[in-house]
Undergrad: 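There's a structure below that I have some questions on.
Numbers restart at 1 for each chain; the letters A, B, ... are given by sequence-line order, proteins then strands.
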There are 2 protein chains.
Amino acid sequence: MSETPPGKGASAARAPRRVRADAQRNLKTLIKAALDVFAASGVDAPVREIAEKAGVGVGTLYRHFPQRSDLIVAVFRSGVDCCADAAETLAEEHPPLEALSRWMQHYVDFIATKRGLAAALYSGNPAYDNLPAYFEQRLVPALKSLLDKAGAAGEVRRDVDPFDLLRAVAQLSNSAPGDSEHTRRMVALLIDGLRYGATSDHKPRQ
Amino acid sequence: MSETPPGKGASAARAPRRVRADAQRNLKTLIKAALDVFAASGVDAPVREIAEKAGVGVGTLYRHFPQRSDLIVAVFRSGVDCCADAAETLAEEHPPLEALSRWMQHYVDFIATKRGLAAALYSGNPAYDNLPAYFEQRLVPALKSLLDKAGAAGEVRRDVDPFDLLRAVAQLSNSAPGDSEHTRRMVALLIDGLRYGATSDHKPRQ
DNA sequence: CCTTATACGGAACATTGTTCCGTTTATCAA
DNA sequence: TTGATAAACGGAACAATGTTCCGTATAAGG
């Protein structure tokens, strides 16, 4: 955002040295490692395990994420961002209904990696206070856009609230942990439900 | 329940020595201490603190509750039992509406001591799997009986689901932790809501 | 009163979050 | 290219906490 190249600073302070390359690399590596470890062992996984997986000392981890919760938040947000971005990509590359369907599975996969997150959310730790808002703020518009496109094409009904759907899928994902096939089938069923009573009254002109 | 006095056992085994008095005493003391500590510091309070408050070594605590979660479960169940029993007592000692109202406040106080329990419930630890069922199984009938009595007396409407009410109160209690007065007012409001549209069609004959 | 199964206490251990600090290294200017 | 230096690194050390172990104390029963 604010690169501040070597040239003299606008105000008084000495030109702040650019962020070191290894630091940037480690930041990405850590988030990736945490993503994997959380997916494999839940968000309660020990920090050391993550540091080791990233090939980094715990000191380095703590330099980037002063608190364990900061790492969890970062991973969660990056996952949410990834999901939200995928909505755009999918909408460009696929017909409306398929884009919607693929996105749903994408979302299911995301939720699946969040074992134990619910407990953290309910822990009362203020570090997580903003997560639900961020979740809703990024994902509701993403899904809404997909639903609207599919609705306009007359492929799904238009009376479904995106947030309801997000929550429902999250609940389905948590009901039978480990049986991802069951979740997949139920989500597919949910999507079929969307098609029931679809009207093409706003069918696009071409 | 099964006292097994010194007399020869019914089947084969040697008459098992009676449970030592100090052990019984410590068990009660521990639950009481845990109740207080959990109420003061939430269910995440350290075991040592509870043992100390009970005037007992951690070894003793672990003899009675092999896992930390066992203690939490025991305290929770004893609280639920206490609430359920209070329903009967209150129904005997007060007119229907007041019994209902008093029980609600009793229940609010119970919920208030359960800070952090939600997180435990969502933790995925199977130790807590049965708690919600126990909760519902004991409290729904208790509340239902109070509601029915008040409903039969024509003091409250009869279309309210006890479980809904329990959940609503729990949610109100968690929304503003620390402001118990707010909770109290909102619960009072909820009860007033019960009175709206009450019908005395089944008014008792005397 | 003696024996003994039972229970007790708390030190010791294991795990995990977090801090500290000596060492390494990327960046920048000369 | 090279040297100075701020930034970043690694991991030992610390602290908090769940859990185990075992020597000691004691209530129950004869």
Undergrad: Say whether B:Y62 and B:D70, considering side chains only, have a donor N or O and an acceptor N or O under 3.5 Å apart.
TA: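 Checked: B:Y62/B:D70 side chains show no N/O donor-acceptor pair below 3.5 Å.
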Undergrad: Taking side chain as C-beta onward, heavy atoms only, is A:F65 less than 4.5 Å from A:I31?
TA: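 Contact flag for A:F65/A:I31 side chains = yes.
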Undergrad: How many whole angstroms separate atom CD of B:E52 from atom C1' of C:dC8?
TA: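 One finds 16 Å between C1' of C:dC8 and CD of B:E52, rounded.
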Undergrad: Specify the separation, in whole Å, of atom CD1 of B:I50 and atom P of D:dT19.
TA: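 About 12 Å, once rounded to whole Å.
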Undergrad: How long is the line joining OH of B:Y62 and P of C:dC8, in whole Å?
TA: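 For the pair B:Y62 OH and C:dC8 P, the rounded distance is 16 Å.
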Undergrad: Whole-Å distance between C:dG10 C1' and B:E49 CD?
TA: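 Going from B:E49 (CD) to C:dG10 (C1'), I get 18 Å.
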Undergrad: Decide yes or no on salt bridge (Lys or Arg N to Asp or Glu O under 4.0 Å) for B:K32 and B:D36, but give the supporting numbers first.
TA: CA-CA 6 Å; B:K32 180 65 171 59; B:D36 292 347; 3.1 Å; yes
Undergrad: In whole angstroms, how far is the C1' atom of D:dG10 from the NZ atom of A:K53?
TA: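 Result: 20 Å.
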Undergrad: Could you state the CG-P distance from B:D44 to D:dT17, rounded to the nearest angstrom?
TA: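 B:D44 atom CG is separated from D:dT17 atom P by 10 Å.
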Undergrad: Looking at A:R102 and A:E98, is there a salt bridge between them, counting it only when a charged N and a carboxylate O are closer than 4.0 Å?
TA: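 Judged by the 4.0 Å cut-off on N to carboxylate O distance, A:E98 and A:R102 do form a salt bridge.
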Undergrad: Just say parallel, tilted or perpendicular for the rings of B:W103 and B:Y107, cut-offs at 30° and 60°.
TA: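 Ring orientation, 0 to 90° scale: parallel.
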Undergrad: Is there a side-chain contact between B:Q67 and the phosphate of D:dG18, meaning an N or O under 4.0 Å from OP1 or OP2?
TA: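 No, outside the criterion.
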Undergrad: Do NZ/NE/NH1/NH2 and the carboxylate oxygens of B:D179 and B:R184 come within less than 4.0 Å?
TA: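 No salt bridge links B:D179 with B:R184.
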Undergrad: CD of B:Q24 versus P of C:dA7: gap in Å, rounded?
TA: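 In whole Å, C:dA7 P lies 10 Å from B:Q24 CD.
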Undergrad: By nearest heavy atom, map B:P46 and A:L61 onto DNA chain D; which one lands nearer the 5' end?
TA: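 Of the two residues, A:L61 wins.
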Undergrad: Whole Å only: how far is the CZ atom of B:R48 from the P atom of D:dT19?
TA: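 About 11 Å, once rounded to whole Å.
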Undergrad: Shorter than 3.5 Å, N or O on both sides, protein versus nucleotides 5-8 of chain D: list them out with atom names.
TA:
| unit_1 | atom_1 | unit_2 | atom_2 | d |
| --- | --- | --- | --- | --- |
| D:dT5 | O2 | A:R17 | NH1 | 3.4 |
| D:dA7 | N3 | A:R20 | NH1 | 2.5 |
| D:dA8 | OP2 | A:R63 | NH1 | 3.3 |
| D:dA8 | O4' | A:R20 | NH1 | 3.4 |

